[in-house]
Each structure stands twice: as C-alpha cells, then as structure tokens.
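As structure tokens, the structure follows; a few thoughts come after it.
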Number of protein chains: 2
Amino acid sequence: MNQILPKNDRRVGCRECPLNLNPCFRSFTAEELAFMEDFKTGEILVGAGSTILSEGHLSPNLYTVLSGWAFRYKTLEDGRRQVLNYLLPGDLIGLQGTVMGEMEHSVEALTSITLCVFPRDRLMELYAKHPTLGFDVTWLSSREERMLDEHLLSLGRRSALERAAYLLAFLHARAGTTIYPSNSTNYIPITQTHVADTLGLSIVHTNKTIKRLMERGAIRWLGGACEVLDAEKLSKIAGWHGLDERVRPLL
Amino acid sequence: MNQILPKNDRRVGCRECPLNLNPCFRSFTAEELAFMEDFKTGEILVGAGSTILSEGHLSPNLYTVLSGWAFRYKTLEDGRRQVLNYLLPGDLIGLQGTVMGEMEHSVEALTSITLCVFPRDRLMELYAKHPTLGFDVTWLSSREERMLDEHLLSLGRRSALERAAYLLAFLHARAGTTIYPSNSTNYIPITQTHVADTLGLSIVHTNKTIKRLMERGAIRWLGGACEVLDAEKLSKIAGWHGLDERVRPLL
DNA sequence: CGTCCAGTTGACTATAGTCAAACACCGTGG
DNA sequence: CCACGGTGTTTGACTATAGTCAACTGGACG
C-alpha cells in the first residue's frame, strides 16, 4: 500500500495559491487572507492510490485539495463498495468528521494529489472571526449535497447508459474549471472498476456500457483513463443540463 | 392540488417550542434564543400532499420542520422521480436555495406539517451575530450529506430486499427521536409508490419486496402507512448499524 | 353505484450479474 | 533476454434480478 508522504514544509502562501488566482473562486479580502495563512498548517503530498482518510477513524485535520483527483467511498461489510463522489481542486475533505467524530466514509487519491492542511479544532475560530468564511463552509457543504442529489437521481432512475454518460459528463465538467486549465492532458483518471463502483453496476456490465459510449463516438478509453470527445453528446444521452458552476468560495 | 395554508400568526415562541424542549436537540443560550425569536417570522401549516418548494423556483424563505413528515425529490424530464430524503421535525428546508438561487429539488408534505419560517436574506446576519448558530447550519448540512451518502450506498450496492429494509429501519429510527415520542401512533406515513421512488425500483417489484419483509414478520403494511414490528430484524437484513443520533443543533 | 387510489398478482421481457476465459500491458526478477 | 504475476480490459454463455403489461382486489368517498 502506498502511504501518505508528509511534507509540512509549507510550500505556497495562500496569496500565491494557484487556486486563489483561478477566477472560478471568489477572492479573499485582506483580512480573510491573513487568517487563512495562519489557519493553514501545511501541505501534504499523497501518492496515487493512497488512503487519505478512512471510515471509522478520526482525523485531526481538514483538507482542501490543491491539485489532483480523489474520491470518497463507503463499503458494506462483505466488501461491496460504493463511490460517493469525486474530489477535485478546491474541494474540502473531512468536514463530516467535525460533526460525527469518526469518519463515515473513506477518501482515496486517484492521482498523486496535494492537500492544504487545516487543524479541525480551530474551525470554530474561523466562524467566530470571519462569518463570511463560516458561511463559505456551509456553501461548500451545500454544494456537495446538490451533487449527491444528482447522483442519487442517477442511481435510482437513470439506465446504465444514461448513468455512465452522466458520470463522465459530470467529471469532465468539474475538471473543466480547475484541472484542465492548468494541465496539458484532459483525461479523467479512472479505471472501469471506479466507474462500476460509482454507477452501482458490475465491472462486466460497465465495460459493455462504456463500449456503447465509445461506439457512439462520445468518449475514448485509454487504460486507466477516459478522454471525453463529445461532452454535449454525453449530456444529451444522460438528460443532464450541466453544472451551474458560478464563482464559488475556497478555503 | 392542495395549497399552502398561510398561518403567519406566530403561534409558538421559540422558548415554548416543543422541539427546543426535546432533549435530542441542544438548547439555545439566552442570546441565541432571543435572536431566533426575532429571526423567526412566523409559522405555516401545509396540508398532506402539498408542494412546499419546487424545482426551478426561488423561495425567499428557509423553513424548519416543527411537526409532520415531508420528502425531497428530483425528476427527470420524462417524469421519472427519485426521492432523495425525508424531512422530519428539526430538519432545515431550502438551504440549497441560498447557494444556488433556484431550488434544484422539490419538497412535498407527506402528512400535514407545520413549518417555522425564516427570511433567507437575514441568514448572513445569523452567521455574523451568532457564529455558533452559523456552525449549526453547517452541522445540519453535513448531517444531511451523511444521510445521502448512506442512501447512495443503498441504491448502488444493496439488493432490493436490503434496500427496503434499510429505508424502513432508517425512517423508523429517525422518527423515534422526534415524531413518536409526542405521538400515539408510530407508523411511517408512506405509500409503496414513495418506497419505489426512494429505492429506485418499480412499484410492482417494490410490492413483492415489501411482501417478503412482511412474511419475515419485520413489518406490517396498512394502506398508506407502514408499521415497523422488528427494527432489529430490518437493520440486520440491511446490514445497517443505525443512526448515530447524538444531541444535535436546531434552528 | 361508479370512480379513484393503493395495493396485489401472474406472465412475460429486458436489464444486469456471474462465471469463465482470454488479451494487452507493464513491471519484476532470474 | 524472457518467464512471471498483476492489473485493467474484453468477450461470450448463462443465470438472476427487476421492469412491463395487464388484470383484479378492496376501501374510501361522493
């Protein structure tokens, strides 16, 4: 198993943070920025395939994804796994642990990924000193909720083909604002096993479904990654109207 | 169609609010209570089957459920419906509208239901004046997220029988802290169509699945309602370990 | 008495899962 | 150099699960 490689040497100040410069995130006020610089305790680099958080465990930290891909999942006792959502730059990890104590899901890195580290026990201080930042945390939580709502609709009421099309269109849209702009490649770094565990299908049936999407010229599959050729076509197959990703907050 | 019956005559002060007296909710400080009394603009009584919020629309208000049952759902364009979650006393309705503007799901009353009304445009004031209450909003949002995670696991990886058992155990557990203590009946007020739209199954197959749960003596079905006879058995069938419902915040 | 709604049932079809066998690719170590 | 195992993907044959269609029950209500 891969391990987390600690790297608490505090690379980037929030001022120079590439995410903070990305126009899809709202910019901090001077006071907020000063607080965040102090709130941030460091950075961590995690290798592809490593576990970032695991179900049933406590974590003293909150994280924001700075670069790379990860996913959240839960498992049943007999090993059946369900991917709940994917994490991309700007996403907050571990908020649920604040409410529950123990995590009720695990988080695993899909690519190598860098995380911004915050101490969970200072979160209340953030609410007290910067209500707008507190509100932003709620905003992000609510945004996650919206994504889960759409995933539920997908699992419950979309066919296998629609579900696959939705998932790939969704990930392509999400990466479009944060990953692809600063990257030469624009692939989605997942295996068909991940797709299967997200869609609630078997690997075999997932493979046959992906094949149908390829035959329609919507995507291309490259061992361990997917290239979206026609995002419009995917959205149309899925009956999905895309993300409403206006400017959003960042922690 | 039923309509919302306005009743803004401000029935109960927050001080005498039965929910505030329920030990499963954390109690307000004197300052918080004063703020909430001012923040609350009134109460609304909604009849069973009425739509409380609807997809694509704006709402100037946030609500807290005071009594009764409701559910959130989304639909695809061809009418396929997915129930996302159920709303019980103490649950916040409409938070997502704050983030998105338009609602991305609808909310419908399952029984007649009373709602506490808050003006959405004063929400930021709540964060500014009472950081602990702001944190509570995040807490509630995060709790909703946890429930959705479990529902996703259910839809994606549980069999029809397991899913049905999980749903009924879940609703029974949720009602156990807020509905049943103050009520003579302890039924879950849903039809098999609701169950089908929650589990992502057809009505026919749902009916056959429910029948199996009845044969095992876990539940009884009474036109338009379900009585849980053996919650333990349901949890065991579902492989579900129950809610971790410690003391939680209330707005 | 007829209508509507919720629930029930059986026959048949469609969708998805399971089992099994391969292939391609990529490292490792002899 | 090549044999080896591992992962990711592909395919076909067969089975299981769930959906569709259709008919029917029973109760509530005007």
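Below, all heavy atoms of this structure are taken into account, side chains as well, without hydrogens, waters or symmetry copies. Within every chain, numbering begins at 1; the chains are lettered A, B, ... in the order of the sequence lines, protein sequences first and strands thereafter.
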Between [Y] and [X], does any NZ, NE, NH1 or NH2 come within less than 4.0 Å of an OD or OE carboxylate oxygen?
| X | Y | answer |
| --- | --- | --- |
| Glu145(A) | Arg143(B) | no |
| Asp244(A) | Arg146(A) | no |
| Arg72(B) | Glu55(B) | no |

To the nearest Å, give me how far apart [atom1] ([X]) and [atom2] ([N]) are.
| X | N | atom1 | atom2 | value |
| --- | --- | --- | --- | --- |
| Leu222(A) | dT7(D) | CG | P | 21 Å |
| His205(B) | dA16(C) | NE2 | C1' | 12 Å |
| Leu155(A) | dA16(C) | CG | P | 12 Å |
| Leu161(A) | dT15(C) | CG | C1' | 13 Å |
| Arg158(A) | dA18(D) | CZ | C1' | 20 Å |
| Lys208(B) | dT20(D) | NZ | C1' | 10 Å |
| Arg163(A) | dT15(C) | CZ | P | 12 Å |
| Ile203(A) | dA21(C) | CD1 | P | 17 Å |

Among [options], the one nearest [X] by side-chain distance:
| X | options | value |
| --- | --- | --- |
| Val204(B) | dT18(C), dT11(D), dC21(D) | dC21(D) |
| Ala160(A) | dA16(C), dG19(D), dT18(C) | dA16(C) |
| Thr191(B) | dC21(D), dA16(C), dG7(C) | dG7(C) |

**Study point:** Pi-cation contact, Tyr86(A) with Arg174(A) (under 6.0 Å, within 45°)
**Key:** no
Point to revise | Residue whose closest nucleotide on DNA chain D lies nearer the 5' end, Arg212(B) versus Lys211(A) | key: Lys211(A)
Revision key, fill the gap. 5'-most contact on DNA chain D (nearest-nucleotide basis), Trp221(A) vs Arg157(A), goes to Trp221(A)
**Study point:** Distance flag, aromatic centroids of His105(A) and Tyr73(A), threshold under 6.0 Å
**Key:** no
Exercise for review: May I ask you to verify if any side-chain N or O of Gln192(A) is less than 4.0 angstrom from the OP1 or OP2 atom of dT7(D)?
Suggested key: no
Point to revise | OP1 or OP2 of dT9(D) under 4.0 Å from side-chain N/O of Asn207(A) | key: no
